[in-house]
Amino acid sequence: STMVPPSLPPYFIKGSIIQLADGELKRVEDLKTEDFIQSAEISSELKIDSSTVERIEGSHTSPNFAVVQFSVGEHRTQVSVEVLVEYPFFVFGQGWSSCCPDRTTQLLELPCTKLSVGDVCISLTLKNLR
Amino acid sequence: VPVFPWHSLVPFLAPTQSD
């Protein structure tokens, strides 16, 4: 299944102020892998999942979009997301990455590397409430 | 200045699981 394409939200613009789960404020470009992991540990509802990029291809609907196929979590569930080519994902141990980092840097001024097959991105799921 | 919560930056990839 392909999810609804997200637009390019304002919080990815360089300098945007992000609040971590413990209340600490950081700029979007300064976020580290640990910030997401620690915030998820504090959260009662959300947990971090590893989403490995399995495939990246151009969208059939528009050249501005790409379809990124992920393998999510321990069950390796296949999830496809249609996003703007400049939409940034956070790669474990690496930072912000997009299908077209030049455009991301141009539009958002957010330092960004090229998203590639095999990259492991941070994603969220609901905590299993037993 | 707007402040955004950390989780808004992370895509919510919620696979439907039967188990």
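Values below: every heavy atom of this structure, side chains too, minus hydrogens, waters and symmetry copies. Predicted model only: the values in this text are computed from it and were never measured. Residue numbering restarts at 1 for every chain, and letters A, B, ... go by the order of the sequence lines.
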Quick one: closest heavy-atom pair of A:Thr125 and B:Leu13, and the distance?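 Nearest pair, atom of A:Thr125 first, then B:Leu13: CG2-O, 3.0 Å.
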
Heavy-atom side-chain contact between A:Val28 and B:Trp6 under 4.5 Å: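 No, every pair of side-chain atoms sits at 4.5 Å or beyond.
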
May I ask you to test the A:Leu126-B:Phe12 pair for a side-chain heavy-atom distance under 4.5 Å?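 Yes, their side chains come closer than 4.5 Å.
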
Do you reckon [X] sits in the same ILVMFWY cluster as [Y], going by side-chain contacts under 4.5 Å, direct or chained?
X	Y	value
A:Ile42	A:Ile122	no
A:Leu31	A:Leu108	yes
A:Ile17	B:Leu9	no
A:Val85	A:Val67	no

Which distance, rounded to the nearest 0.5 Å, do you find between the NE2 of B:His7 and the CD1 of A:Ile18?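 B:His7 atom NE2 to A:Ile18 atom CD1 measures 10.5 Å (nearest 0.5 Å).
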
What's the spacing between B:Phe4 CZ and A:Leu25 CG if we round to 0.5 Å?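 Separation between the atoms: 12.5 Å.
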
Can you tell which part of [X] gets under 4.5 Å to a heavy atom of chain B, answering side chain, backbone, both or neither?
X	result
A:Phe36	both
A:Phe90	neither
A:Ser39	both

In terms of heavy-atom pairs under 4.5 Å with chain B, which of A:Pro88, A:Ser51, A:Ala40 leads?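 Max contact count across the listed options: A:Ala40.
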
Which bit of B:Val3 comes within less than 4.5 Å of chain A, counting heavy atoms only: side chain, backbone, both or neither?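 Both backbone and side chain.
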
Decide if atom CD of A:Gln94 counts as having more than 12 heavy atoms of other residues, nucleotides or ligands within a radius under 6.0 Å.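 Yes, because the 6.0 Å sphere around CD of A:Gln94 holds more than 12 heavy atoms from other groups.
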
Side chain to side chain contact (heavy atoms under 4.5 Å, CB included) evaluation trace for B:Val10 with A:Phe89: CA-CA 7 Å; B:Val10 188; A:Phe89 295 92; over 6 Å; no

